[in-house]
Undergrad: 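The structure is given below, and queries will be raised subsequently.
Quick caveat, the model's predicted, so the values are computed rather than measured.
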Amino acid sequence: MSRSGVQVSDEALQAFYELKLGTKKENLKFVIYKLSDDKTKIIVEKTSSDTSYDSFLENLPEDDCRYATYDFSYEISAGEGKRSKMVFYAWSPDTASIRSKMVYASSKDALRRALNGISTDIQGTDFSEVAYESVLERVSRGAGSH
């Protein structure tokens, strides 16, 4: 349970493990979570196997907060092969209401602690902070340097 009293739904945990382990027939690429209407649980808003990063960004609302987990695949340099890291997003756009931002901020820890295997946390307040290149820079820090 979080400081706000919000709990993580079993459905949210299940979706994350399906994303992480690739147990669905069509491997999931991302999961977007939101607070239930009564603000007591973190639930799944959407899951997708669409590999387009733009498709993921299009599912983040312009005026409301969300959490997301994304199976971020990238290549540092040719020949090193693809890498993949599980990324957690706390999406809190500047245009969201103060109340929404406060509830999401105080509930984030409950979800974040429940998700094992996250390599990188991204806090986004506008789309430039969650752009592919920005996230790539964060996940690849330290990788490939000898």
Undergrad: Might you point out which heavy atoms bring V6 and A110 nearest each other, and give the distance in Å?
TA: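 Heavy-atom minimum between the residues: O-CB, 3.9 Å.
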Undergrad: Of all residues at least two apart in sequence or in a different chain, which pass the side-chain contact (heavy atoms from CB on, under 4.5 Å) check with D63?
TA: T95
Undergrad: Please check if M86 and I42 belong to a single hydrophobic cluster, counting links between Ile, Leu, Val, Met, Phe, Trp and Tyr side chain heavy atoms closer than 4.5 Å.
TA: yes
Undergrad: For F16, give me all partners under ring pair (Phe, Tyr, Trp, His ring centres under 6.0 Å), at least two apart in sequence or on another chain.
TA: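 Expected list: none.
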Undergrad: Answer yes or no: is there a side-chain heavy-atom contact under 4.5 Å between K20 and N116?
TA: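 With C-beta onward as the side chain, the pair touches.
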Undergrad: Mind checking ring pair (Phe, Tyr, Trp, His ring centres under 6.0 Å) for Y132 and listing every partner two or more places apart, or none if nothing turns up?
TA: Y53, F72
Undergrad: Is a donor on one side and an acceptor on the other found under 3.5 Å between the side chain of K34 and the backbone of I43?
TA: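 No: the side chain of K34 does not pair with the backbone of I43.
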Undergrad: For residues S134 and S128, report the shortest heavy-atom separation together with the two atoms involved.
TA: OG-O, 2.9 Å
Undergrad: Show the nearest heavy-atom pair for residues P61 and P93, with the distance to one decimal.
TA: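 Reported closest heavy-atom pair: O-CG, 4.0 Å.
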Undergrad: In terms of ring plane angle, is the pair Y89 and Y70 parallel, tilted or perpendicular, where the classes change at 30° and 60°?
TA: perpendicular
Undergrad: For S48, enumerate each residue passing the side-chain contact (heavy atoms from CB on, under 4.5 Å) test, keeping only those at least two apart in sequence or located in another chain.
TA: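 Partners of S48 by the side-chain contact (heavy atoms from CB on, under 4.5 Å) criterion, ordered by chain and then number, come out as F30, K46, D50.
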Undergrad: With rounding to the nearest 0.5 angstrom, report the OG to CD distance, S36 to E11.
TA: 10.5 Å
Undergrad: In Å, rounded to the nearest 0.5 Å, how long is the span from OG1 of T69 to CG of L28?
TA: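 Separation between the atoms: 9.0 Å.
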Undergrad: Atom SG in C65, atom CE in M102: separation rounded to 0.5 Å?
TA: 11.5 Å
Undergrad: Would the distance check show the side chain of Y67 and the main-chain N or O of K108 forming a donor-acceptor pair, the cut-off being under 3.5 Å?
TA: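 Checking the backbone N and O of K108 against the side chain of Y67, a donor-acceptor pair under 3.5 Å is found.
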Undergrad: State the CG-CD distance between L13 and E18, to the nearest 0.5 angstrom.
TA: 11.0 Å
Undergrad: Should L60 and F127 count as side-chain neighbours, where that means a heavy-atom distance under 4.5 Å?
TA: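 The answer is yes, as the side chains (C-beta and beyond) meet within the 4.5 Å cut-off.
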Undergrad: Within the supplied structure, the quantity of interest is the number of heavy atoms (other residues, nucleotides, ligands) at a distance under 6.0 Å from K29 NZ; does it exceed 12?
TA: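 Yes, NZ of K29 has more than 12 neighbouring heavy atoms, counting only those of other groups under 6.0 Å.
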Undergrad: When you measure from the side chain of S107 to the backbone N and O of Y104, does any donor-acceptor pair fall under 3.5 Å?
TA: no
Undergrad: Partners of Y33 by ring pair (Phe, Tyr, Trp, His ring centres under 6.0 Å), sequence neighbours excluded?
TA: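 Partners of Y33 under the ring pair (Phe, Tyr, Trp, His ring centres under 6.0 Å) test: none.
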Undergrad: Which heavy-atom pair separates K85 from V139 by the least distance, and what is that distance?
TA: NZ-O, 2.9 Å
Undergrad: Between F88 and L111, which heavy-atom pair has the shortest distance, and what is it?
TA: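 Heavy-atom minimum between the residues: CE1-CD2, 3.7 Å.
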Undergrad: If hydrophobic clusters are built from ILVMFWY residues whose side chains come within less than 4.5 Å, do V44 and I118 share one?
TA: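 Yes, same cluster.
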Undergrad: Looking only at heavy atoms, what is the nearest atom pair of S55 and N59, with distance?
TA: O-ND2, 2.7 Å
Undergrad: Could you give all pairs that pass the salt bridge (charged side-chain N to carboxylate O under 4.0 Å, His left out) test and reach residues 115-135, with sequence neighbours left out?
TA: R112-D121
